[in-house]
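Heads up: the structure comes next, in structure tokens.
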Amino acid sequence: MALARSPLQGQPQEDGGELVQMALDVAGSLDPREVIARILERGTHAVRADRATLSSLVDDQVVVEATYGRGGELTWVGQRYSLDYFEGQPLVKQAIESLQPAFGGRLALDQAAPEFRQALANVRQVAVLPLVHGGKAIGMLVFSRYEEKPFAGDDRVALTLLSAISGLALRNARLYEEGEAARQRADETAARLRAAVDAAEDVASQVRLDQVLGRLLERAAASVGADGTSLARLEGGEMVIESTPTGELVGTRWPLMPKVLAGVATGRAVELSAAEYTGAPPGMESVVQPYQRFLVAPLVVGGETIGLLAMGRKADEPFDPAAVQALQQFSTLGALLLRNARLIAQARDAEQAKSEFMSIAVHELRAPLTVTGGYLAMALEGDFGDVPKPLRHVLETAERKTEEAKALAAELLTVARLEGKALTPNVKPVSIAEAVREALARARPRAEIVQANVQMEPGDDVTVLADDALVGKILDNLLNNALTYADRPPTIRVGASREGEQVAVSVADDGIGISSQDQGRIFARFARGTGPLVAEKPGNGLGLYLSRGLAEQMGGSLQLQSSHPGKGSTFVLRLPAVAS
Ligand code: ADP
């Protein structure tokens, strides 16, 4: 209340209280109209005037905002006048130039606008208060009395206060209003941006290229209110349609009009009327006929225009500039996604081609290996006569190597089928106890060689929904690794238990363990451990990669549950349980 104190000094207490209340009232709203209404009403009653009028000063203009009669009637005027117009009113001029209230008799009737003359005819006394902010008059308040009773000392104090408070209150309200409008604009922009991001996420979630294009078109059309859309790639001076919502026109070539080319060059969307759009190739005029307006937006990635989004609207209404701007952001995101989708599609094609190549190559390799293996076995069995000892040794090594090569070929074939999505598990109920027993039987010869102690723990009698051949392959791999990666006769425990909807089969050993660094990579294709002992053992780094792939293919998983160098490892295979 520092503002109010000095003009109030020496005033009776009641008046002071009333003035303070008036000041609080005036400053208590942030709505400019409400502030104006309060200034007029409170001021009129405080100084017992018959009429009060508030005007704003904007540039060189006076805007008469509202006028209030002591009977309580408030009229919003909104009329504008040139400031020069008040040249003939010395009181007004004085108040605005001195930035001080000016008091006097009647205003110059003959100088007033005709519509005011009637009202001014009754006026006997006036007070003109400049509304000041930042050393400038931003408005003025005129109080008038219809009787010859000049505005006296008390009134003047009240009016001086009112003038100061009003200037400030009005300014604040206007600033607030502008701030609100700016905030609203920002909100709208944010909402549009949000819509573009949502659309981008939606488009990005589509994996297939044709779906990406379809979504892109749908979203783009919706964002600007278009009735028809197409997406084209650029080829020289032409565009080639890549996608339309119905799939028609795909592959057709359209010349690029100069106006569109100019837009493409600046990376901005170009709007055309039906009259301006003359680019339809012969025979395709009917395609553009239904449209009155066109919007063509370039799809730009890294400064390069990779395509165009064209949109048509049947109504002859221009596109909303704000929507076009949103489309711009949207096409940038869309272009990026489109390019990524293309790259992904290319990568997938390449991956598929590679898998197919691998299958063929491995098949080609297996046939001669089988023949070679057969001849070697026959030779070792003496089918071609006696084999001298040194040659037998060589033949035995060759046979072992051939078997290893065949095993590798078989694994590579499974990898190729898995990666080429050509492996469909033959799923049926499989008893885990049975599958483990069989795997242990297959592992026995090797277990005996390394003198391993292999135990099957008494666990739950569980059945899974899986492909028994694939489960066998995974268990073989895990047991083989447990038998391989040990520097002394290992103890291996296999257990199974039900975990809700799944069955967990664990294979635990007390072998060399896996360093924390290796733990992160052993499931990758061709990844082997880095320890010196691993290097000595035969292996190709495909076992865990394949096993995990097979488990996932059956709706399960394979994880390294724990491992400590020198203390052993536990792998857990999880598979869907048969509902009990
Ligand atoms: P490979 O055995 O042919 O190297 P795998 O994919 O089966 O390929 O295993 C990858 C790596 O994981 C192995 O090279 C080894 O370093 C490590 N590994 C797998 N199982 C075990 C285990 N039971 N104990 C210690 N290390 C293991």
Side-chain angles (χ1 to χ4, degrees), residues 358 362 365 400-419 423 436 439-440 442-447 449-457 469-496 504-554 556-574:
M358 226 157 91
V362 172
L365 201 67
R400 207 176 56 246
K401 289 289 170 196
T402 306
E403 284 309 311
E404 274 176 32
K406 271 165 72 182
L408 174 61
E411 276 196 334
L412 284 176
L413 200 62
T414 316
V415 169
R417 285 169 59 208
L418 192 70
E419 290 178 352
L423 194 144
V436 170
L440 291 183
R442 287 191 295 274
R444 190 160 305 127
R446 276 209 66 207
I449 293 172
V450 298
Q451 297 171 352
N453 172 13
V454 186
Q455 301 167 4
M456 183 169 174
E457 295 187 332
L470 301 186
V471 173
K473 241 185 218 297
I474 299 171
L475 291 175
D476 287 351
N477 265 326
L478 295 178
L479 287 172
N480 229 335
N481 283 346
L483 291 167
T484 305
Y485 299 107
D487 49 6
R488 57 193 153 80
T491 296
I492 302 168
R493 287 171 216 279
V494 185
V505 186
S506 61
V507 178
D509 64 60
D510 60 354
I512 58 170
I514 303 164
S515 70
S516 52
Q517 189 196 355
D518 280 350
Q519 288 181 19
R521 41 183 295 278
I522 53 171
F523 285 95
R525 188 161 59 168
F526 298 118
R528 302 205 68 208
T530 49
L533 205 139
V534 176
E536 285 172 18
K537 309 277 181 183
N540 51 39
L542 280 174
L544 290 178
Y545 170 73
L546 253 183
S547 299
R548 174 174 275 182
L550 296 177
E552 286 173 356
Q553 199 73 8
M554 294 185 285
S557 64
L558 176 65
Q559 279 162 326
L560 173 64
Q561 180 174 287
S562 64
S563 186
H564 300 284
K567 298 227 172 73
S569 321
T570 303
F571 287 85
V572 179
L573 165 68
R574 289 190 172 81

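For the single chain, residues carry numbers from 1 onward in sequence order. One-based numbering, in listed order, for ligands and for the atoms of each.
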Contact table ligand 1 N or O to protein N or O, d under 3.5 Å:
{"from": "ligand 1", "atom 1": "2 (O)", "to": "Asn481", "atom 2": "OD1", "distance (Å)": "3.3"}
{"from": "ligand 1", "atom 1": "2 (O)", "to": "Tyr485", "atom 2": "OH", "distance (Å)": "2.6"}
{"from": "ligand 1", "atom 1": "3 (O)", "to": "Asn540", "atom 2": "N", "distance (Å)": "3.0"}
{"from": "ligand 1", "atom 1": "3 (O)", "to": "Gly541", "atom 2": "N", "distance (Å)": "2.9"}
{"from": "ligand 1", "atom 1": "4 (O)", "to": "Tyr485", "atom 2": "OH", "distance (Å)": "3.1"}
{"from": "ligand 1", "atom 1": "4 (O)", "to": "Arg528", "atom 2": "NE", "distance (Å)": "2.6"}
{"from": "ligand 1", "atom 1": "4 (O)", "to": "Arg528", "atom 2": "NH2", "distance (Å)": "3.4"}
{"from": "ligand 1", "atom 1": "6 (O)", "to": "Gly543", "atom 2": "N", "distance (Å)": "3.3"}
{"from": "ligand 1", "atom 1": "6 (O)", "to": "Leu544", "atom 2": "N", "distance (Å)": "2.7"}
{"from": "ligand 1", "atom 1": "7 (O)", "to": "Asn481", "atom 2": "OD1", "distance (Å)": "3.4"}
{"from": "ligand 1", "atom 1": "7 (O)", "to": "Asn481", "atom 2": "ND2", "distance (Å)": "2.9"}
{"from": "ligand 1", "atom 1": "7 (O)", "to": "Leu544", "atom 2": "N", "distance (Å)": "3.4"}
{"from": "ligand 1", "atom 1": "8 (O)", "to": "Gly541", "atom 2": "N", "distance (Å)": "3.4"}
{"from": "ligand 1", "atom 1": "14 (O)", "to": "Tyr485", "atom 2": "OH", "distance (Å)": "3.4"}
{"from": "ligand 1", "atom 1": "14 (O)", "to": "Gly529", "atom 2": "N", "distance (Å)": "3.0"}
{"from": "ligand 1", "atom 1": "16 (O)", "to": "Gly529", "atom 2": "N", "distance (Å)": "2.9"}
{"from": "ligand 1", "atom 1": "20 (N)", "to": "Asn481", "atom 2": "ND2", "distance (Å)": "3.4"}
{"from": "ligand 1", "atom 1": "23 (N)", "to": "Asp509", "atom 2": "OD2", "distance (Å)": "2.8"}

What salt bridge (charged side-chain N to carboxylate O under 4.0 Å, His left out) pairs are there with at least one residue in residues 469-485, not counting sequence neighbours? Arg442-Asp476
Between OG on residue Ser547 and CD on residue Glu552, distance to nearest 0.5 Å: 11.0 Å
Residues 486-496, side-chain donor-acceptor partners within the protein, below 3.5 Å, at least two apart:
{"from": "Arg493", "atom 1": "NH1", "to": "Gln455", "atom 2": "OE1", "distance (Å)": "2.8"}

For a 4.5 angstrom cut-off between non-hydrogen side-chain atoms, does Leu470 reach Leu423? yes
Between Lys401 and Glu404, does at least one N-O distance fall below 4.0 Å, as a salt bridge requires? yes
What donor-acceptor contacts under 3.5 angstrom involve side-chain atoms of residues 526-533, with partners at least two apart or in another chain?
{"from": "Arg528", "atom 1": "NH1", "to": "Lys537", "atom 2": "O", "distance (Å)": "3.2"}
{"from": "Arg528", "atom 1": "NH2", "to": "Tyr485", "atom 2": "OH", "distance (Å)": "2.9"}
{"from": "Arg528", "atom 1": "NH2", "to": "Lys537", "atom 2": "O", "distance (Å)": "3.3"}
{"from": "Thr530", "atom 1": "OG1", "to": "Asp518", "atom 2": "OD1", "distance (Å)": "3.1"}
{"from": "Thr530", "atom 1": "OG1", "to": "Asp518", "atom 2": "OD2", "distance (Å)": "3.0"}

